[in-house]
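As structure tokens, the structure follows; a few thoughts come after it.
Basis for what follows: all heavy atoms, side chains included, without hydrogens, waters or symmetry-related copies.
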Amino acid sequence: MRLGVLLLLAAVWLALSGPYTLDGWLIPVFGLVSVAFVWRLYLALERAAGGGFEFFRASAWLRLPRFLVAFAVKVAAANLHVTKLILSPKIELHPRLRRVPASQKISFGQVLYANFITLTPGTITLDLRDDELLVYALDAESEADVMDGSMDRDVLRIEGSAD
């Protein structure tokens with residue numbers, strides 16, 4: 001599977017760096033250097049996470065577009081909600097702290113989940129410990145977005161633990 005990821009990196013680079021000419025030797029040299037650099041980072045990340053997990057297989061990268069769409073929809077909805085709170089003449093915020101279970105099997109998945117929450121307006125992950133996140137939410141609606149479990153399931157799909 002490592003070869004699949006390497007080929008995917010090389011294909012993305014080739015697709016984004018054209019046009020190609022015979023006398024343009026500098027672009028392929030920089031391309032090889034950049035693919036080697038990203039490959040080295042990939043291997044280091046795989047080693048740090050313990051290796052052998054589904055997230056580091058090429059099939060997980062094919063699930064990434066679905067995750068990014070779900071993430072964009074969540075962020076857009078949260079942006080509208082926070083904008084409504086800011087623009088309303090009478091702001092009634094009821095901030096809260098909640099412990100949220102992190103179902104991911106690897107620490108990288110848990111960190112991705114924590115960042116997913118933090119990048120969503122109205123929520124911040126304050127702590128990650130013992131497969132549990134401590135999340136600050138601006139109000140009840142922001143809290144409900146985290147507590148419904150959809151973000152958790154989205155990250156589990158990337159990790160390969162959910163359908």
Subject >> Single-linkage hydrophobic cluster, 4.5 Å side-chain cutoff, Leu80 and Ile86 together >> reply: no

Subject >> Closest contact, heavy atoms only, Ala78 versus Thr120 >> reply: CB-CG2, 3.5 Å

Subject >> Atom of Asp145, atom of Met151 and distance for their closest heavy-atom approach >> reply: O-CE, 4.2 Å

Original post:
With hydrophobic residues grouped by side-chain heavy-atom distances under 4.5 Å, do Leu32 and Leu41 end up in a single group?
Top reply: no

Original post:
Counting only N and O atoms by type, is there a donor-acceptor contact under 3.5 Å from the side chain of Arg98 to the main-chain atoms of Ala137?
Top reply: no

Subject >> Cluster link Ile158 to Leu68, ILVMFWY, side chain under 4.5 Å >> reply: yes

Original post:
Hey, quick one: are Val75 and Leu64 part of the same hydrophobic cluster, counting side-chain heavy atoms closer than 4.5 Å, chains of contacts allowed?
Top reply: yes

**OP:** Using distance alone, with no hydrogens and no angle criterion, decide if Asp139 and Ser142 have a side-chain donor and acceptor under 3.5 Å apart.
**Re:** yes

Subject >> Separation of Tyr113 OH from Leu133 CG (nearest 0.5 Å) >> reply: 6.0 Å

**OP:** Please examine the side chains of Asn115 and Thr125, heavy atoms only from C-beta on, and report whether any two atoms are closer than 4.5 Å.
**Re:** no

**OP:** Answer whether the closest heavy-atom distance between the side chains of Val155 and Phe67 falls below 4.5 Å.
**Re:** yes

**OP:** Please round to the nearest 0.5 Å and tell me the distance separating atom NZ of Lys84 and atom CD of Glu141.
**Re:** 5.5 Å

Subject >> Rounded distance [0.5 Å steps], CD1 in Ile124 versus CG in Leu134 >> reply: 11.0 Å

**OP:** Would you name the heavy atoms of Asp148 and Arg153 that are closest together and state the gap between them?
**Re:** O-NH1, 3.5 Å

Subject >> Stepwise side-chain hydrogen bond (donor to acceptor under 3.5 Å, both in side chains) test for Asp131 and Gln104 >> reply: CA-CA 8 Å; Asp131 298 334; Gln104 292 71 31; over 6 Å; no

Subject >> Single-linkage hydrophobic cluster, 4.5 Å side-chain cutoff, Val69 and Leu156 together >> reply: no

**OP:** Taking all heavy atoms of Asp152 and all of Ser103, pick out the closest pair and write down the distance.
**Re:** OD2-OG, 2.7 Å

**OP:** Applying side chain to side chain donor-acceptor pair (under 3.5 Å), name anything that partners Thr123, two or more places apart in sequence or on another chain.
**Re:** none

**OP:** Search all heavy atoms of Arg99 against all heavy atoms of Glu132 and return the closest pair with its distance.
**Re:** CD-OE1, 3.0 Å

Original post:
At their closest point, which heavy atom of Thr83 faces which heavy atom of Asn79, and how far apart are they?
Top reply: OG1-O, 2.7 Å

